[in-house]
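As structure tokens, the structure follows; a few thoughts come after it.
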Amino acid sequence: MALELYNTLSRSLEPFRPLDPPRVRVYGCGPTVYDYPHIGNYRSFLVYDLLHRYLEWSGFQVQLVVNLTDVDDRTIEAAARSGVSLREYTHPFTEAFLADTRTLGILPADAYPVATEYVDKMVEFVAQLLGKGLAYTTEDGSVYFSIAAFPGYGKLSRVDPEALRAGARVAVDNYGKDDVRDFALWKSAKPADEAAGAAWDSPWGRGRPGWHLECSVMSITELGETLDVHMGGEDLVFPHHEDEIAQSEGVTGKPFVRHWLHVKHLLVEGRKMSKSLGNFIVVRDLLEAGHEPAAIRHLLLSAQYRSELNFTMEGLEASGRAVQRLLDFEARIEEVPVATDAPTAGLAELATTALEAFRDGMDDDLNTADALAALFVLVGQGNAALDRAGPVPPAEREAIQKVLASIDRVLGLVEVAGASRTLDPGTITRVDQMVEERRAARSVRDFARADAIRRELLERGIVLEDSANGTRWKVVGRVEGTVSHG
RNA sequence: GGCGCCGUAGCCAAGCGGUAAGGCAGAGGACUGCAAAUCCUCGAUCCCCAGUUCGAAUCUGGGCGGCGCCUCCA
């Protein structure tokens with residue numbers, strides 16, 4: 001089976017067929033940098049990353065572009081309130097976004113275009129739409145797209161343009177449109193725009209680009225007139241993506257996007273996340289509360305991207321333990337004794353089966369719940385097999401390790417957990433010393449002393465595991481501070 | 001009102017016509033100085049009702065319940 005993706009345009013599962021394989025052009029709607037992106041944003045960004053990783057894993061050459069919206073009502077208002085320029089205001093949030101991205105193991109996109117750097121191209125784009133009779137100017141110097149002039153309008157969201165007109169709520173900033181359904185391509189500058197440095201010259205006077213226009217222009221500039229995949233949150237289907245199609249196809253006359261992917265909104269503690277409900281979660285808050293990035297990543301990937309996902313603190317802790325189980329298995333495999341003449345433990349077959357099941361799950365519209373299950377079946381059956389076996393043939397150990405590594409190139413759980421659990425060499429030395437001290441205590445059956453040391457390390461997130469072959473230790477959760485020898 | 005989604009064990013979540021994956025939590029057991037890790041054992045009349053079918057969690061119809069978008073919110 002090959003990859004199938006659900007396409008919002010057709011409302012059905014379709015075989016993934018890029019225009020120009022093995023090259024794949026992917027565009028994802030990124031954050032508006034007016035505040036710290038919340039955990040729901042990262043569900044989407046993580047799905048972008050998942051597709052990015054899985055396509056590369058499957059042999060495609062992916063070019064991924066994720067835009068940053070730095071000019072829109074919210075960034076302008078916020079900048080005005082803070083009394084700084086747009087650029088000054090958005091910069092820290094841009095940096096925060098990129099930092100969170102690294103923390104969560106989201107691979108860098110090939111480009112992160114920012115809207116303010118594409119204004120010239122946007123002006124050109126608007127001029128073309130005007131030239132084709134798909135847009136019109138208003139007295140105040142704004143330009144609107146004329147929905148009535150674009151026959152395909154509504155094909156993505158399946159909204160009936162006529163019904164839209166009847167039920168429309170009139171926009172607050174309705175400057176004098178021909179039709180309430182029309183949307184802004186270019187907005188004439190208001191004093192606040194000028195104050196924030198969010199106004200540019202155009203043939204229609206000073207103004208700024210409309211939000212929908214930004215994505216059309218940046219994606220076409222960076223990736224070409226037809227994108228293989230365009231992604232975003234489900235809320236973007238209408239009007240944002242519908243409008244992007246109208247603009248883009250209006251100008252190019254070509255299909256804008258082959259596969260439209262939309263990520264279902266996250267719930268937090270069973271409710272829609274919103275500032276008024278006080279359940280707005282930001283990555284940095286979770287980290288400060290001691291949750292590790294790998295647990296966040298696991299939880300956000302634990303349900304398929306089109307299905308509801310309820311983000312809860314209880315779930316986050318459960319995810320942390322699930323990640324730990326995976327790491328424990330990896331460590332166990334690493335340390336299992338090998339012997340060239342050892343009898344088979346059946347590990348190679350387990351590895352093959354797991355990889356196939358993983359691929360089947362991912363091919364099925366990125367069904368991460370299924371893919372994750374395949375991985376954990378390997379963990380469970382692998383552990384059971386190792387319990388039964390003594391030393392194993394080196395090739396079998398290698399087979400398991402290869403599959404674990406391969407799967408993790410897509411899921412990135414071990415990768416992210418490893419990154420947040422790294423100890424400095426000095427700490428490692430001190431832990432080793434304490435473990436040795438405890439070994440000595442145990443050898444003379446001084447269990448009180450031994451348990452005290454174990455407890456002390458545990459408080460610092462280090463867990464000891466005794467076995468016949470000695471004691472191994474591991475970092476659990478996020479590393480905080482350093483371990484001092486007490 | 002328009003468009004759409006969902007209801008599977010305590011929690012999360014697969015399943016897409018052939019008698020229920022996986023994770024977390026819980027109980028008992030093995031192992032252990034005690035733990036930790038690991039293994040073994042234990043748990044679901046799949047919201048309700050009526051149909052279609054040899055057979056339905058899976059299809060159809062009707063209820064009930066929850067949710068999303070239609071507001072420059074991923």
Side-chain angles (χ1 to χ4, degrees), chain A residues 8 11 13 28-32 37-48 69 71-75 154 157-160 163-164 166-169 171-173 183-184 187 210-212 214 231-240 243 262-267 270-275 298-299 302-304 306-312 314-326 328-329 331-332 357 361 364 367-377 379-380 383-388 442 445 447 450-451 454-455 458 463-468 471-474 476:
Chain A
T8 309
R11 303 282 160 98
L13 227 43
C29 282
T32 299
H38 54 68
I39 202 70
N41 292 310
Y42 286 108
R43 181 186 195 188
S44 294
F45 304 151
L46 228 31
V47 170
Y48 303 173
T69 296
V71 52
D72 79 328
D73 287 356
R74 288 174 298 165
T75 53
S157 55
R158 306 205 174 178
V159 299
D160 174 359
L164 230 189
R169 306 175 197 183
V172 241
D173 57 352
F183 60 90
K187 296 173 143 184
W211 178 42
H212 311 308
E214 299 178 5
M231 299 180 283
E234 61 173 337
D235 57 306
L236 298 182
V237 175
F238 185 87
H240 188 55
D243 292 350
H262 291 97
V263 182
K264 182 115 175 157
H265 275 185
L266 187 70
L267 298 179
R271 310 195 61 180
K272 178 183 177 174
M273 178 163 40
S274 75
K275 284 187 172 158
H298 180 273
L299 181 52
S302 65
Q304 199 256 359
R306 281 192 295 122
S307 70
E308 193 171 86
L309 196 166
N310 187 12
F311 192 99
T312 64
E314 190 188 352
L316 189 55
E317 277 158 29
S319 280
R321 292 188 202 102
V323 169
Q324 186 62 55
R325 178 169 163 80
L326 178 60
D328 284 340
F329 180 63
R332 185 177 186 185
D364 181 16
N367 190 337
T368 41
D370 226 15
L372 236 18
L375 175 59
F376 281 94
V377 166
V379 171
N383 271 321
L386 290 176
D387 267 14
R388 277 180 253 114
R442 289 180 77 215
R445 303 189 66 80
F447 294 121
D451 291 350
R454 185 168 64 193
R455 216 175 309 118
L458 180 62
V463 169
L464 303 190
E465 293 177 357
D466 298 325
S467 76
T471 299
R472 64 178 289 269
W473 59 269
K474 66 186 181 191
V476 170

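Letters go in sequence order (proteins before strands), and every chain restarts at 1. Just so we're clear, the structure is a prediction, and the values are computed from it rather than from any experiment.
Nucleotides B:rG43 and B:rG28, compared at atom C1', are 13 Å apart to the nearest Å. Here, B:rC48 and B:rG23 have their P atoms 27 Å apart, quoted to the whole Å. Rounded to a whole angstrom, the distance from the C1' atom of B:rG61 to that of B:rU53 is 16 Å. When the P atom is compared between B:rC46 and B:rA56, the two are found 12 Å apart, to the nearest whole Å. Distance check on atom P: B:rU38 versus B:rA25 gives 10 Å, rounded to whole Å. Comparing the P positions of B:rA74 and B:rG18 gives a spacing of 41 Å, expressed to the nearest Å.
Base pairing of B:rC73: no nucleotide in any strand meets the Watson-Crick or G-U wobble criterion (both distances under 3.5 Å). Base pairing of B:rA30 is made with B:rU38, judged by Watson-Crick or G-U wobble geometry with both donor-acceptor distances under 3.5 Å. Using Watson-Crick or G-U wobble geometry with both donor-acceptor distances under 3.5 Å, B:rA9 finds no partner in any strand shown. Using N1 to N3 plus N6-O4 or O6-N4 for Watson-Crick, or N1-O2 and O6-N3 for G-U wobble, each under 3.5 Å, B:rC67 pairs with B:rG4. Remark: B:rA44 base-pairs with no nucleotide; criterion is Watson-Crick or G-U wobble with both hydrogen-bond distances under 3.5 Å. When both distances must be under 3.5 Å, the Watson-Crick or G-U wobble mate of B:rA25 does not exist. Nucleotide B:rA50 is matched to B:rU60 when pairs are restricted to Watson-Crick or G-U wobble geometry with both distances under 3.5 angstrom.
Side-chain to base pairing of A:Arg43 with B:rA74: no donor and acceptor N or O lie closer than 3.5 Å to each other. In the interface, the side chain of A:Asp466 is paired with the base of B:rC34 through a donor and an acceptor atom under 3.5 Å apart. At a cut-off of 3.5 angstrom, the base of B:rC24 holds no donor-acceptor pair with the side chain of A:Arg325. A donor and an acceptor atom never sit less than 3.5 Å apart when one is taken from the side chain of A:Asp235 and the other from the base of B:rG68.
When heavy atoms are screened at a 4.0 angstrom cut-off, A:Ser157 is found touching the sugar-phosphate backbone but no base atom. Residue A:Val263 is classed as having no contact, given no heavy-atom separation below 4.0 Å to the nucleic acid. Note on A:Leu309: only backbone sugar-phosphate atoms sit closer than 4.0 angstrom, heavy atoms only; bases stay farther off.
In this structure, of B:rA36, B:rU38, B:rC5, it is B:rU38 that holds the atom nearest to the side chain of A:Asn383. Of all nucleotides listed (B:rA74, B:rA21, B:rG33), B:rG33 comes nearest to the side chain of A:Arg442. Out of B:rA74, B:rG68, B:rG22, the shortest distance to the side chain of A:Lys272 is found at B:rG68. Side-chain proximity of A:Ala303 to B:rU38, B:rG33, B:rA13: nearest is B:rA13. Considering only the side chain of A:Asp387, B:rC39 comes nearest among B:rG4, B:rA14, B:rC39.
When rounded to the nearest whole Å, the span between CZ of A:Phe183 and C1' of B:rU71 equals 16 Å. At whole-Å resolution of the value, OH in A:Tyr42 and C1' in B:rA74 are 11 Å apart. Atom pair A:Asp370:CG and B:rC16:C1' shows a separation of 12 Å (rounding to whole Å applied). Rounded to whole Å, atom C1' of B:rA13 lies 12 Å from atom CD of A:Glu308. For A:Glu465 and B:rA35, the CD to C1' distance is 10 Å, given to the nearest whole Å. As a whole-Å value, the separation of A:Gln304 CD from B:rC16 C1' is 13 Å. At whole-Å resolution of the value, CG in A:Asn310 and P in B:rG10 are 17 Å apart. Atoms CZ (A:Phe238) and C1' (B:rC69) sit 10 Å apart, rounded to a whole Å.
By the 5.5 Å and 30° criteria, A:His265 is stacked with the base of B:rA74. Residue-nucleotide stacking is present for A:Phe447 and B:rG33, judged by a side-chain ring centre under 5.5 Å from the six-membered base ring centre and planes under 30° apart.
For A:Arg11, the CZ atom sits in a packed shell: over 12 heavy atoms of surrounding residues, nucleotides or ligands are nearer than 6.0 Å.
By the 4.5 Å heavy-atom criterion applied to side chains, A:Val463 and A:Trp473 are not counted as neighbours. For the pair A:His212/A:Pro239, a side-chain contact is recorded, criterion being any heavy-atom separation below 4.5 Å from C-beta on. A:His262 is not listed as a side-chain neighbour of A:Met231, based on a closest heavy-atom distance of 4.5 Å or more. Contact check for A:His265 versus A:Leu309: no side-chain heavy atoms found under the 4.5 Å cut-off. Counting heavy atoms from C-beta outward, A:Glu214 and A:Thr69 have side chains that approach closer than 4.5 Å.
Note: A:Trp211 and A:His240 have parallel aromatic rings, judged against thresholds of 30 and 60 degrees for the angle between ring planes.
Closest-nucleotide positions on RNA chain B for A:Arg158 and A:Ser302 were compared, and the one nearer the 5' end corresponds to A:Arg158. The residue among A:His38 and A:Arg332 whose nearest nucleotide of RNA chain B lies closer to the 5′ end is A:Arg332.
Listed by chain and residue number, A:Asp365 satisfy the side-chain hydrogen bond (donor to acceptor under 3.5 Å, both in side chains) test with A:Arg306 (two or more places apart in sequence, or in another chain).
Within the 4.0 Å cut-off from OP1 or OP2 of B:rA14, at least one side-chain nitrogen or oxygen of A:Ser307 is found. Here A:Arg388 does not reach the OP1 or OP2 of B:rC39: none of its side-chain N or O atoms lies under 4.0 Å away.
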